[in-house]
Protein chains: 2
Amino acid sequence: MRRADNDVMLKTNQFKSMNPSTTKKPAEKRTQQDPQLSMQVVNHIRRLVENGKLKPGDKLPPERELAQKLKISRASLRSGIGYLAATGVLKVRHGVGAFIADGPPAFAITSFNLIGALHGFQSWQMFETRLILECQLVALAAERSKQEHQMALAEEVAELFAALDRPTDFLVHDMNFHRILAQASGNPVLAAIMETLTVAFYKERSKTIEHAKDMREAAAMHRLIFKAVCARDAEKARTLMERHLSASMEAQSAEKQKRRTSSSR
Amino acid sequence: MRRADNDVMLKTNQFKSMNPSTTKKPAEKRTQQDPQLSMQVVNHIRRLVENGKLKPGDKLPPERELAQKLKISRASLRSGIGYLAATGVLKVRHGVGAFIADGPPAFAITSFNLIGALHGFQSWQMFETRLILECQLVALAAERSKQEHQMALAEEVAELFAALDRPTDFLVHDMNFHRILAQASGNPVLAAIMETLTVAFYKERSKTIEHAKDMREAAAMHRLIFKAVCARDAEKARTLMERHLSASMEAQSAEKQKRRTSSSR
DNA sequence: GTTTCATAGTGGTCTGACCACATTATACAT
DNA sequence: ATGTATAATGTGGTCAGACCACTATGAAAC
């Protein structure tokens with residue numbers, strides 16, 4: 001059965017044939033049955049997190065010790081640890097230990113790129129998604145941002161202007177600005193999604209940032225957005241953000257175009 | 001407690017640096033240095049995917065064989081496999097094999113719940129995010145949906161009405177409707193994000209669906225949205241979706257409230 | 001004080017065996 | 001011949017123990 005890349009296949013999933021009748025297994029659900037041992041680890045950590053016994057930044061016990069406590073082999077434990085690390089819940093440092101992630105929440109970016117490659121995400125689709133999310137985000141930020149957020153934004157705008165001749169630093173503060181905006185929206189779910197997208201974007205951007213030449217205009221734009229947010233003018237902020245992102249994308253694609261035509265071998 | 005620690009830990013690796021040649025490491029030139037062996041696996045798969053040699057639904061070679069080909073141990077290979085499976089790129093079936101994920105693209109939902117628990121995602125935040133995304137989505141679908149999508153939507157609406165007295169089936173078709181809508185938007189990035197959210201939502205919903213009361217109204221609402229999409233009336237579709245989701249959430253929270261007060265578990 | 005180096009603690013990898021699950025082939029009974 | 005039980009096979013999952021590699025710490029040397 002050849003599976004074409006047609007985007008019409010809408011029936012790939014079927015959940016209907018889950019007949020609850022023919023199960024012959026008693027399968028007492030007293031002690032939760034975990035088919036996968038690694039999931040047992042995940043659930044254990046999840047419980048600790050939900051109970052507040054593990055907070056962002058905390059360190060997990062050593063693998064050998066934890067494995068013994070859970071009565072599983074170290075290999076299985078590591079499988080579970082790997083799962084949590086892959087999804088960004090855990091951060092493992094070789095020779096040091098495993099820690100609960102603490103930074104801004106985000107979903108694994110590696111998987112984002114991979115899934116993107118798998119399903120052929122186009123760059124205009126990425127951009128459209130970012131445009132939608134970020135415009136909503138800045139509107140929410142205008143309505144809900146607290147003073148601390150506004151101060152942090154001001155700081156980043158200043159850094160932006162100060163780094164006009166250091167593209168790499170400029171990019172960092174650019175990213176920070178948008179990140180703070182996401183936090184200021186007061187919706188961590190949206191912020192986490194945005195963070196995932198943002199990281200993917202800036203990773204790509206960092207390859208060509210050295211040749212950017214519209215940074216002054218971009219910095220000015222950030223300042224305007226900042227002022228709109230402080231003025232709690234959601235609609236203005238949204239409009240400005242839309243213009244900013246559009247201009248940014250155009251400049252970027254122009255760069256890419258130029259570099260491709262000039263340095264053709 | 002630690003009988004193993006009584007044994008002598010044979011330390012023979014310390015003397016290997018007595019090499020008089022140089023104090024610096026030879027720095028063997030691998031094609032590319034992969035600090036983590038598991039990432040080497042990930043990159044290998046990524047290359048195959050990007051080259052089109054692996055498509056959704058394809059089966060990976062057996063672990064033992066693949067490990068030998070990559071010249072790594074099976075344990076390390078499994079670490080990489082686990083990473084890919086955790087992020088939803090791979091789907092591993094015990095006793096069968098590992099397959100490239102094929103269904104609608106989505107990011108690992110387990111991690112979503114975990115990250116949510118970690119950072120305290122509130123249900124209103126989840127809902128707000130869904131509202132924003134789905135309203136944009138339905139507007140895009142109204143503009144871009146192809147005939148196949150509209151036919152599939154019609155099918156699901158019909159199933160919805162046909163399943164008014166079978167809540168579980170109703171829920172399945174409800175989810176399918178929204179999923180098709182996401183595909184009809186023509187933006188797989190948005191669709192993937194939406195899918196992740198949707199799965200989390202319906203997972204929660206399935207616990208209380210048996211006691212739903214407003215299914216007839218919900219079905220009618222789906223039909224109206226469907227008609228708006230077919231009429232390419234983006235604004236109307238957006239407005240209807242907003243009302244639908246708001247009503248749905250209210251009904252759901254009312255259900256939850258009632259169940260909590262009536263039965264004390 | 002600074003540098004160097006040995007050590008301990010921890011995650012990362014390897015090996016080989018065995019277990020559990022799913023599919024297929026075979027044997028048997030009907 | 002057909003259908004069902006049983007065995008064989010292929011595959012992922014788990015285990016055990018050893019060893020490798022990285023990091024941080026503190027003691028010793030300068």
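So that the names make sense, note that chain A is the first sequence line, chain B the second, and so on, each numbered from 1. As the structure is a computational prediction, the values presented were derived from the model and not from experiment.
Sorted by first and then second residue, the pairs that involve residues 83-106 of chain A and meet side chain to side chain donor-acceptor pair (under 3.5 Å), not counting sequence neighbours, are Y83(A)-T110(B).
In terms of modelled atom types and a separation under 3.5 Å, the side chain of H149(A) and the main chain of K146(A) share a donor-acceptor contact. Between the D58(B) side chain and the I100(B) main chain, no donor and acceptor come within less than 3.5 Å of each other.
Between the side chains of H178(B) and E134(B), a donor-acceptor pair is found at a separation under 3.5 Å.
Residues passing the side-chain hydrogen bond (donor to acceptor under 3.5 Å, both in side chains) test with T196(A): none are found, sequence neighbours excluded.
Under 4.0 angstrom from either OP1 or OP2 of dC15(D) there lies at least one side-chain N or O belonging to S76(A).
Residue I72(B) contributes atom CD1, which lies 16 Å from atom P of dG16(C) at whole-angstrom precision. Across the protein-nucleic acid pair, K71(B) atom NZ and dC14(C) atom P stand 13 Å apart, rounded to whole Å. As a whole-Å value, the separation of Q40(B) CD from dG12(C) C1' is 14 Å. The distance from atom NZ of K91(B) to atom P of dA22(C) is 13 Å, rounded to the nearest whole Å.
Environment of NZ in K59(A): crowded, with over 12 heavy atoms of neighbouring residues, nucleotides or ligands closer than 6.0 Å.
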Set out, line by line, the N/O atom pairs under 3.5 Å between protein and nucleotides 9-13 of chain D.
{"residue": "dG10(D)", "atom": "N2", "partner": "G95(B)", "partner atom": "O", "Å": "3.0"}
{"residue": "dG12(D)", "atom": "OP2", "partner": "E63(B)", "partner atom": "N", "Å": "2.9"}
{"residue": "dG12(D)", "atom": "O4'", "partner": "G95(B)", "partner atom": "N", "Å": "3.4"}
{"residue": "dG12(D)", "atom": "N7", "partner": "R64(B)", "partner atom": "NH1", "Å": "3.1"}
{"residue": "dG12(D)", "atom": "O6", "partner": "R64(B)", "partner atom": "NH2", "Å": "3.1"}
{"residue": "dG12(D)", "atom": "N2", "partner": "H94(B)", "partner atom": "NE2", "Å": "3.3"}
{"residue": "dG12(D)", "atom": "N3", "partner": "H94(B)", "partner atom": "NE2", "Å": "3.3"}
{"residue": "dG13(D)", "atom": "OP2", "partner": "R78(B)", "partner atom": "NH1", "Å": "2.8"}
{"residue": "dG13(D)", "atom": "OP2", "partner": "R78(B)", "partner atom": "NH2", "Å": "3.4"}
{"residue": "dG13(D)", "atom": "N7", "partner": "R74(B)", "partner atom": "NH2", "Å": "2.7"}
{"residue": "dG13(D)", "atom": "O6", "partner": "R74(B)", "partner atom": "NH1", "Å": "3.1"}

